[in-house]
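Both counts, for ligands and for their atoms, begin at 1 and track the order of listing.
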Amino acid sequence: MKKVLSFILISTFFIGFLASCGGSGSSDNSDKTSSNYTPNLENGKAVYDRACVACHMQGVAGAAALTDKARWEESAAKGLDTLHTHALKGYQGKYGVMLEKGSCADCSETDVYDAVAYILKEAGVEAK
Ligand code: HEC
C-alpha cells in the first residue's frame, strides 16, 4: 500500500514537473483554476511544509498563520482564482508581501494551487 501511494505521489510530481516545463513561455494556463482542477491535498501538504511553512506557520512578516481563521476568511472572500494568482505571481497586500510562489522556484503551478488548497482546508475556510 505504501509503495502504491509513493508511486502515485512520484508520478504526480513528475507530471507536475513536465507540465511546468512544457508550459514555460507558451501556455497561459488560464484554465487551471476552473472546475477541471482537483486539488491534491497530500501534495499540498508536502509543498506547504517545504515552501510556505516558514511564513505561514506562525504568521511571519505579515503572513497569515495557518490557524488564523479570520485572516484566511478575509482572503477567501476574494475568491479562489485571486488567491491562486496571488500565490503564483506574488502580491503586495496590506499586511505584507507574499512572494512569487513563496519563492519556491521549483514549485509548479499545481504545487502552489495544491498548497493553497491545503492551507484553506487546515484553516477551516472555503474559497469559491
Ligand atoms: C516570505 C514569506 C512567505 C512565504 C514563504 C509564503 N507566503 Fe504566502 N503570504 C505572505 C504574506 C506576508 C502574505 C499576506 C499579504 C497581505 O495580505 O498583505 C501572504 C498571503 C498569502 C495568501 C493570501 C493572498 C490574498 O490575496 O489574501 C495566500 C493564498 C498565500 N500567501 C499562499 C502561500 C503559499 C501557497 C505559499 C507556499 C508556496 C506561501 N504563501 C509562502 C508571505 C509568505
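When only interatomic distances are considered, the shortest N/O to N/O separation between K101 and ligand 1 does not fall below 3.5 Å. For ligand 1, the polar-atom distance check against W72 finds no nitrogen or oxygen pair separated by under 3.5 Å. For the pair Q92 and ligand 1, the shortest N or O to N or O distance does not fall below 3.5 Å. Between G96 and ligand 1, at least one N/O pair is under 3.5 Å apart. Annotation: T82 places no N or O atom under 3.5 Å from an N or O atom of ligand 1; distance criterion only.
Proximity of R71 to ligand 1, defined as any heavy-atom pair under 4.0 Å, is confined to the side chain (atoms from C-beta onward). With a 4.0 Å cut-off on non-hydrogen atoms, Y48 does not touch ligand 1 at all.
The ligand atoms of ligand 1 that sit less than 4.0 angstrom from a heavy atom of A61 are 12 (C). In summary, the atoms of ligand 1 found under 4.0 Å from a heavy atom of Y95, numbered by their order in the structure, are 16 (C), 17 (O), 18 (O). Taking a cut-off of under 4.0 Å to the non-hydrogen atoms of G62, the atoms of ligand 1 that pass are 12 (C), 14 (C). Close approach of ligand 1 to A115 is summarised as follows: ligand atoms under 4.0 Å from at least one heavy atom of the residue are 35 (C). Under a 4.0 Å criterion applied to the non-hydrogen atoms of S75, ligand 1 contributes the atoms 23 (C), 25 (C), 27 (O).
Shown here for K78 and T82, the closest heavy-atom pair between the two residues is O-OG1, 3.1 Å. Minimum interatomic distance between L83 and A76 (heavy atoms only, all atoms of both residues): CD1-CA, 4.0 Å. Of all non-hydrogen atoms in D114 and P39, the two that sit nearest each other are OD1-CA, 3.5 Å.
Of all protein N/O/S atoms, those under 2.8 Å from atom 8 (Fe) of ligand 1 are H56 NE2, M98 SD, and waters are not counted.
For K128 and D81, the salt-bridge test fails: no basic side-chain N is under 4.0 Å from an acidic carboxylate O.
Residues V116 and L66 fall within the same hydrophobic cluster, defined by Ile, Leu, Val, Met, Phe, Trp and Tyr side chains chained together at heavy-atom separations under 4.5 Å.
Nearest to atom 25 (C) of ligand 1 among the protein's heavy atoms is K78 NZ, 3.1 Å. Among all non-hydrogen protein atoms, the one lying nearest atom 17 (O) of ligand 1 is Y91 CE2, 3.3 Å.
Under a 4.5 Å side-chain heavy-atom cut-off, the cluster of Ile, Leu, Val, Met, Phe, Trp and Tyr residues that includes L99 is completed by V97.
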Could you please spell out the steps behind the side-chain contact (heavy atoms from CB on, under 4.5 Å) verdict for E122 and L41? CA-CA 10 Å; E122 287 297 301; L41 292 172; over 6 Å; no

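At least one side-chain heavy atom of N43 sits under 4.5 Å from a side-chain heavy atom of D111. Proximity of L120 to E126: side-chain heavy atoms (C-beta onward) are nowhere separated by under 4.5 Å. Proximity of L88 to M98: side-chain heavy atoms (C-beta onward) are nowhere separated by under 4.5 Å.
Taken as a pair, C107 and C104 meet the criterion of an SG-SG distance shorter than 2.5 angstrom.
Note on ligand 1: L83 sits in its first shell, one or more heavy atoms being nearer than 4.0 Å. Not a single heavy atom of H84 sits under 4.0 Å from any atom of ligand 1. In this structure, C107 falls outside the shell of residues with a heavy atom less than 4.0 angstrom from ligand 1.
Aromatic ring pairs are classed by plane angle as parallel below 30°, tilted from 30° to 60° and perpendicular above 60°; the pair Y37 and H84 is perpendicular. Aromatic ring pairs are classed by plane angle as parallel below 30°, tilted from 30° to 60° and perpendicular above 60°; the pair W72 and H56 is tilted.
Between E74 and Y95, the side chains place a donor N or O and an acceptor N or O closer than 3.5 Å (distance only, hydrogens not considered).
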